[in-house]
Amino acid sequence: MKKMYLKCFSLLLLCFLTITAFAQKNITGTVKDASGNPIPGVSVLEKGTQNGTSTNAEGKFTLTVKEGARLVIKSIGLVTQEVAASSGQSIVMVDDTESLSEVIVTGFGVKKEVKRLSYSATAVSGNELSQANNANVVNSLQGKVAGVMINQGASGPTSSSRIRIRGNSSLSSNTQPLIVYDGILMEPGTSGADSWGDAADFGNIMKNINSDDIESISVLKGAAASALYGSKAAGGVLLITSKKGKTTKGLGVTVSQTSSFDKAYRFVDLQNQYGGGISPVFAKDANGVDVVDQSAGYYVGGYSFGPKLDGRMVKDLDGVMRPWVANNPLDYFNTGKFINTNVSVEGANENTTYRLAYTNLDNSSVQPGNSLKRDAFALRVTKEISKSISIDASVNYTMSNSLNPARQGSANNPLFAFTYYKPRNVDLNTYINNNINPVSGGALGSTDRNRYDPYGIGSFAYGLQNDNRTEKENNLLANIDVNIKILPWLSALVRTNTNFYNIAYERKNRGAGIAFAGGDYEISQNTNKSYRVQGLLNATKELSGDFELNASLGAETYQKNLGSSAFYNRSNTNGGLKIPDVYSISNSINPASTTAYPNLGERTDAVYLYGDITWKNMLTLNFTGRNDWSSALTYRDGHGNYSYFYPSVGLSWIFTELPVFQNNSILSFGKLRGSYSYTGLSARPQLTNTDGYYRLQDGTFSNANGGNQSVYGFSDNILRNNNLKNELTKEFEIGTNLGFFKNRLNFDVAYYKKNSYNQILSFSLPQESGVSSQSLNAGNIQNQGIEVLVTGKPIESRDFNWNASVTFTRNRNKILELAPGVQNYDLDLAFGNDITSVARVGEQYGSLITGYGYSYYQKKDASGNPIASPSNGKKVLGNTGYGTTGGYYTFVRSQDYDGTRKNLGTMMENYLASTRQDLTYKNFSLGFQIDAKIGGLMASGTHQYGSANGSFSNSLFGRDEASGG
């Protein structure tokens, strides 16, 4: 009987399984766009179940479903469709024009719909970047993103640019955002010199990024967006996504070349009415010939308060007859060129995409002898190994060769050199083109300089033409992602990448002395290496009909310059070269100098959780939480505040999903958003392990018993701080996105307020303490402002389209607090210490303080009290203790008159604004962009000295009766 029951049960089970098998079926299909192109990555889900798949590179899918099932087809930025499940069907997807469905890459390369974000983020396409024709991709962002200011370098195409997002959140010298290229962390920094320095700005790692290989850049401005990247993201994040292969018929080969040419069209505002000297009339020689005043010479005076420039022939300081006319400094500059050639090969099949590209850039600036040549190779491959495992690998290798960037400071900067006590009548071309001394060799002024080079122009030109500086760089960026599909709603990502960066510098400086004596030779190598390993567990699940969850849990380790693989070494000659023009370290007259040391290393470990929960496609809660462990805040004995947590939370509400707004012909989309977040900044690498340790110093002294006594003290005369913490930034942001007329007119408006605390600053200590400074956590810096982005499509038709955008930014950067008892903190100097940029409590960031301003008269009684006088408030003239032009009275500086230093105002702008207009007609396009920076002061040594010596037009007033004198 039991056997019979068992047989019956087995028969029933077999029938059930057979019926079930017949009740399911395999279906196939293809998903395309309106133009018939396949769309990869589209979600295909059996309605009411978790059974689903996604389309491959050719837009195809295969799925086993129940009989009578319906399919839900959806993808970000496209209208979701529901169709009956049948085999061989072709599904056409259309753009979602009824809601703001722009897609942007956010944290860790995850694509999100802008409409679900609770913070401000902006994407810029690779096409927009490449149209800018700029070797530095950072400069291409100028004016395209509200709240972002790009201060471009002034040394030519290699120059580093300073990116400032929502003001300065730190008083440190580097407030750059973190750059993330395909998951690879890059910290650009800035280079160059101050206003007196002779250093050339060879730029940073960003000049090795090729815009032809970029798909898009996402700018994460607020802390809510960047908090996920932890202690490196206080200044914001730029997420760069590279291009990958696309499906084409056959092999896709693209060849493009872009050429543009630059011309120096305007110089500083010089006067062209008066020549060299301090007398309005010419003196004459024994033959009655007009001669140039000796005070026109660079080594004597260099003034331009002489006779009017009327074209007459005069005897110049070198005895040559020349016309008395003004020079044109623009004649010195060349025509710059930008020639960029790109070749790419790409393709895709059912489970593989690939793109291989090579780009050659030849970019020379208007500065003679300055150029950048770059070769960039890029490879990206994606591969579906199985239904559950896929890989995404990319390699970028760049070789660049930079030559002679313009000197940013000192008399070797052409703008400064042509105005620093160089009278307006100097024949620039003659001295520039004949800059070698005809008798003794070397620079034109190597002997008898008042005869051969009376204006100093020849020696300046000799230095630029014979002091050649070259920097060759090799940069490797490599990343591999392994994606594992565990369940239909659960996946994992394992990512590992590296950034290798090597710089080889060489300087060949020809001797400027007699017979080319002197000169020097220098070589250096600088290598930096970083590695990052990351693991993520990602969940995307519909919790019910109304709720959808996206969440990720992950961890990573980032290591930079650990071990002995990252180093810096430098060798240079001393005392000149034994044999002129032989550039070798062994050719040094005195023993050569060599410096070598490992680059400072650091390690950051982190765990994090982030994601969002959406209710009825209307209300989205975003959240992130990250904890870092930083070696930079770990002391030698193991203690330290090296662990810190950064959370963020935000909410977005798409109110146009309410029934009352449905089918509204005016308001197409409306969203309110708000967020509150923490982020911050760690200390510089090894700060806690190098500064302020009590140790044996070099040297000894004689003690009271006449013996040698060892000297102990703090390293670098710094008092160590045993309790340094990470810098912390708290930010609150609210905003709205509005779309009108089927999103042909869109507004993105944000208000933010962020405060940065615990700045790691070095403060001076009294000399009698035996130390010079100590690092402290101090300060409260506030940035608050508004950002507005308006985009529109005034004309939209089949053949002609007009797209327009306008950005506006207002930020106020205020110093609320420094350390107890400290009211000022010096940030930078301008031309010596004539002007100081300071952070002053209660004032805007970057107040410019100087004692070189005008002094104004105030009459006082015998007791020193101010009294009335008709002269009060007038500028003071006098003969200063350091000499004046020709012994005449001059304006007296305030610090020389009454010891005061004046606050001229802030260097920060009042507003930023830009507009971009793009017009297309069939296959032709025309675009232009206008940027504006309104307000803010700039200290200029060129203007200071050009005004004082009479070269600038502002010195014309009062010279004669016609000029108001």
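Atom set for the values below is all heavy atoms of this structure, side chains included, hydrogens, waters and symmetry mates excluded. The structure displayed is predicted, hence computed values, not measured ones. Residues: numbered from 1 along the sequence shown.
The shortest distance between side-chain heavy atoms of Glu187 and Gln176 does not fall below 4.5 Å. Looking only at side-chain heavy atoms (C-beta outward), Tyr583 and Ile523 stay at 4.5 Å or farther from each other. Side chains of Pro329 and Leu270 form a contact here, defined as non-hydrogen atoms less than 4.5 Å apart. Using a 4.5 Å heavy-atom threshold, the side chains of Tyr452 and Val439 count as touching. Here the side chains of Lys263 and Phe333 are not in contact, with every heavy-atom distance at 4.5 Å or above. Residues Leu317 and Asn450 fail the side-chain proximity criterion, which asks for heavy atoms closer than 4.5 Å. Between Asn475 and Asn499, some side-chain heavy-atom pair lies under the 4.5 Å cut-off. Side-chain contact between Val582 and Leu577 is absent, with no heavy atoms from C-beta onward closer than 4.5 Å.
A donor-acceptor pair under 3.5 Å links the side-chain atoms of Ser446 to the main chain of Ala443, judged by distance alone. The closest donor-acceptor contact from the side chain of Gln367 to the backbone of Pro405 lies at 3.5 Å or more, if one exists at all. The backbone N or O of Asn949 lies less than 3.5 Å from no partner atom in the side chain of Ser955, so there is not a single donor-acceptor pair. Put simply, the side chain of Gln686 gets close to the backbone of Gly601: a donor and an acceptor are under 3.5 Å apart. No donor-acceptor pair closer than 3.5 Å links the side chain of Asn599 to the backbone N or O of Asn528.
For Asp826, there are no salt bridge (Lys or Arg N to Asp or Glu O under 4.0 Å) partners at least two apart in sequence or on another chain. Partners of Tyr274 according to the ring-ring contact (aromatic ring centres under 6.0 Å, His included) rule, which considers only residues two or more places apart in sequence or in another chain, do not exist here. With sequence neighbours excluded, the residues that form a side chain to side chain contact (heavy atoms under 4.5 Å, CB included) with Phe763 are Leu761, Leu776, Ala778, Ala819, Val822, Tyr825. For Ser524, the side-chain hydrogen bond (donor to acceptor under 3.5 Å, both in side chains) test picks out no residue, with sequence neighbours left out. By the side chain to side chain contact (heavy atoms under 4.5 Å, CB included) test, Asn590 pairs with Asn574, sequence neighbours left out. Shown here are the side chain to side chain contact (heavy atoms under 4.5 Å, CB included) partners of Asn328, two or more places apart in sequence or in another chain: Leu330, Asp331. Residues meeting the ring-ring contact (aromatic ring centres under 6.0 Å, His included) test with Phe261, sequence neighbours left out: none. Evaluation of the side chain to side chain contact (heavy atoms under 4.5 Å, CB included) rule for Pro591 yields no partner, not counting sequence neighbours.
Between the CG atom in Leu477 and the CD1 atom in Ile209 there is a gap of 5.5 Å [rounded to 0.5 Å]. Note that the OG atom of Ser159 and the CG atom of Asp201 stand 4.5 Å from one another [nearest 0.5 Å]. Taking CG from Asn139 and OG from Ser160, the interatomic distance works out to 9.5 Å, rounded to the nearest 0.5 Å. Residue Asn435 holds its CG atom at 4.5 Å from CD of Gln465, rounded to the nearest 0.5 Å.
The aromatic rings of His943 and Phe952 sit perpendicular, their planes meeting at an angle over 60°, well past the 30° parallel limit. The aromatic rings of Phe305 and Tyr303 are tilted relative to each other, their planes meeting at an angle between 30° and 60°.
Ring to ring, Tyr597 and Tyr568 are close: their centroids are under 6.0 angstrom apart. For Phe460 and Tyr431, the ring centers are positioned 6.0 Å apart or more.
Within the structure, salt bridge (Lys or Arg N to Asp or Glu O under 4.0 Å) contacts touching residues 454-470 (residues at least two apart or in different chains) are Asp198-Arg469, Arg407-Asp467, Asp467-Arg469, Asp467-Arg507. The salt bridge (Lys or Arg N to Asp or Glu O under 4.0 Å) analysis of residues 417-436, with sequence neighbours excluded, yields the pairs Arg322-Asp427. The list of salt bridge (Lys or Arg N to Asp or Glu O under 4.0 Å) pairs with a residue in residues 441-458, not counting sequence neighbours, is empty.
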Side-chain donor-acceptor pairs of residues 369-376 under 3.5 Å, sequence neighbours excluded:
from	atom 1	to	atom 2	distance (Å)
Asn370	OD1	Ser365	OG	2.7
Asn370	ND2	Leu403	O	3.0
Asn370	ND2	Asn404	O	3.2
Arg374	NH1	Ala135	O	3.0
Arg374	NH1	Lys207	O	2.5
Asp375	OD1	Tyr358	OH	2.5
Asp375	OD1	Asn360	ND2	2.9

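For the residue pair Asn572/Asp520, the side-chain donor-acceptor check at 3.5 Å is not satisfied. Side-chain N/O atoms of Tyr455 and Asp316 include a donor and acceptor closer than 3.5 Å.
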Report task. List the steps and the verdict of side chain to side chain donor-acceptor pair (under 3.5 Å) for Glu522 and Tyr505. Result -> CA-CA 8 Å; Glu522 176 187 347; Tyr505 172 79; 4.7 Å; no

